[in-house]
Amino acid sequence: MSEEIILDVKDLRTSFFVDDFEVKAVDGVSFKLPKGKTIGIVGESGSGKSITALSILRLLEKPGKIVGGEINFKGNDLTKASEQEIRSIRGNEISMIFQEPMTSLNPVYTVGQQIRETLKVHQGLGKEQGMEKGVELLKLVGIPSPQERIKQYPHELSGGMRQRVMIAMALACNPELLIADEPTTALDVTIQAQILELINELQEELGMSVIMITHDMGVVAETCDYVAVMYGGKVVEYADVKTIFKDPKHPYTVGLLNSIPRHDIDVDELEPIRGSVPSPKNMPNGCRFAPRCPFATDLCMEELPDLGDVSDENLVRCWIYSERWDGDPEVKEHGPKRTT
Amino acid sequence: MNAEQASSEVTQVPKVDSPLKRAMKDFYNKLKKNKTALFGGYLIIFLIVVAIVGPYLTSFNPSETDYSVKLQGPSAEHWFGTDHHGRDIFTRIIHGLGITMGIGFFSTLIGSIVGIFLGIVSGYYGGKIDSVIMRLMDILLAFPGILLALALISILGASLQNVVIAIAIFAIPTFARIVRGSTLATKNLEYIDAMRALGASDIRIIFKHIFPNILSPIIVQASLFIATAVLSASGLSFLGLGVQPPSPELGAILSDGKDFMWDAGHIALFPGLGIMVIVLAFNVFGDGLRDALDPKMKN
């Protein structure tokens, strides 16, 4: 591969230790992110996608701990970095934006003071320079009359505005990697589109790589180059974005796609995925998705499949595509069907 | 360009005050609505001015005795009368105001600084540190305030300094608890996570981001605690364990007067009123602050 890989996550394992019990929230996640590209991490609540993001920046709260694997960022393993090293990376080389713009800004400081703070911590900029750069950043994220806005408090701004400010803060030090944890979930649809467009534009302009964490396939289609579908703390399918939409292989991916409305065909009723995500405290022994999977066999229930090449484009964790598949040969032939 | 055009030009540019100025204005506007609080605030300012300027204006010396005029009632010359040593009560109260309020102020200041530090550390780091600090606070809280102060003074010895220390020590757990609770609520908010994600250190997060957000309960508690501290200081002086004679602390003057309650009630009455006015001012002001700083009562 000729592309430069900026982030290489290998077999990341993150667990929460509650009452001597290990809850495996992220269980062996691997992915590579080339420079300037976007990877989407998709999954339901509890699939471990946010924990993966927090693990990369080592922002886990106490019962949570990275128990194994590597997070190679530009050749350095972040799991082994000291607290000080990781702090100088946070906000500087890797930034993160959160899903709640309404509460992600400190209410007692003005927008300007908060942007300045990041600049001060990482670049040692003084008040005047910080202010100048702050206005520039607000302009960059499309906030009108930035000179006035920079003196306002968060409560004086709308949700969309605040998310723009958050993005401005995250971009303050020209990070090489931006982690966006459901950046549009709390916003209404028109604002969502604007924010996604903004992230896309900025990415092109600044040449950042982006990890987009979402449960929304629409967001994936709009922003991502690659997609990792997560379920029960594991990646179940990994492919580029076109392949995921055109030729999904894993029954879970297919289920996700079937559960959103489509424009190309007339569907009377959406097909939900039955059941809910298993509690991480008692994960199934076999395939994590087996209890909800319409094609599951005894093999699926008992043994966990590997993440393997199925075609040139997809990596899939499913028994259907293995030689040991003991279910309906029809399914193996055509794969799980999307609604038609 | 005519005048009308010019004025419309001006209105197009929104005028934005500096953030601090706006915050202060906002705060004052809210406080203004609460008449009693505003009254308490002005009373405090008045008392502070009197305590600072007053001693230079009185015509008597607070500790100068003059037995020719002892135990006299209020008169044109001695406004609040004289005590059993012939000292002018008015002068003594003016001088005592500073001492009494000073004790209240400094003991609250010291106690709150220590309490805030312990509370923030406790709330932010949690775990073992939290358990140890809070159990220590529980031990302090187990004693009634004045009893604890009494015990401490009997160990340290009676003096102005030790009264301040004793009251400061019993202020610590009150502040530590409030601060810990607010810190716990604040540290889980998203903007603290966001700050960590932007690379801020623990110290920076604690002092720059958590502390200003928990300031309002601290300010309210401080203004209310000054009232308690003043009462305790006067109580200790009354019991003879506080400021030593001939210092004109209000509680001490009151204590002097208790032997002459029937013959010269004014000796006890005026310092008592003085204590009451101070306590009332801080209490009313503290209550008003609580309302004004309550974010739910925006505008």
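In what follows, chains are A, B, ... by sequence order, proteins preceding strands, each numbered from 1.
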Counting heavy-atom pairs closer than 4.5 Å to chain B, which one of A/Q84, A/E83, A/M166, A/E117 comes out on top?
A/E117

If you count heavy-atom pairs within less than 4.5 Å of chain B, which of A/L54, A/L105, A/I86, A/I179 leads?
A/L105

Considering residues, nucleotides and ligands other than A/F31, do more than 12 of their heavy atoms fall under 6.0 Å from its CZ?
yes

Of the backbone (N, CA, C, O) and the side chain (C-beta and beyond), which part of A/T103 lies under 4.5 Å from a heavy atom of chain B, both, or neither?
both

Can you list the residues of residues 114-138 of chain B that sit under 4.5 Å from chain A, counting heavy atoms only?
B/Y125

Highest number of heavy-atom pairs under 4.5 Å with chain A among B/A200, B/P212, B/A197 belongs to B/A197

Mind running side chain to side chain contact (heavy atoms under 4.5 Å, CB included) on B/D193 and A/L59 for me, showing each step along the way?
CA-CA 8 Å; B/D193 286 339; A/L59 284 171; over 6 Å; no

Part of B/S201 within contact of chain A (heavy atom distance under 4.5 Å)
both

Any side-chain heavy-atom pair of B/R196 and A/R87 under 4.5 Å
no

What residue, out of A/H122, A/Q114, A/M96, A/Q147, has the most heavy-atom pairs lying under 4.5 Å from chain B?
A/H122

Look only at the side chain of A/Y109 and the backbone of B/K208, and say whether a donor-acceptor pair between them is shorter than 3.5 Å.
yes

Within a reach of under 6.0 Å around CZ of B/F46, are more than 12 heavy atoms found that belong to other residues, nucleotides or ligands?
no

Check this for me: B/Q161, atom CD, are more than 12 non-hydrogen atoms of other residues, nucleotides or ligands nearer than 6.0 Å?
no

So which part of A/E156 gets closer than 4.5 Å to some heavy atom of chain B, the side chain, the backbone, both or neither?
side chain

Residue B/N188 versus chain A: region with a heavy atom under 4.5 Å:
neither

B/L198 and A/M169: CA distance, side-chain angles, deciding distance, side chain to side chain contact (heavy atoms under 4.5 Å, CB included) verdict
CA-CA 8 Å; B/L198 289 171; A/M169 281 169 72; 3.3 Å; yes

Smallest heavy-atom separation, A/S104 atom then B/A194 atom, equals O-CB, 3.7 Å

Are the side chains of A/V121 and B/R204 in contact, using a 4.5 Å heavy-atom criterion?
yes

One option among A/T118, A/N106, A/I89, A/V108 has the most heavy-atom pairs under 4.5 Å with chain B, and it is A/N106

Check this for me: does any side-chain nitrogen of one of B/K187 and A/E61 sit under 4.0 Å from a carboxylate oxygen of the other?
no

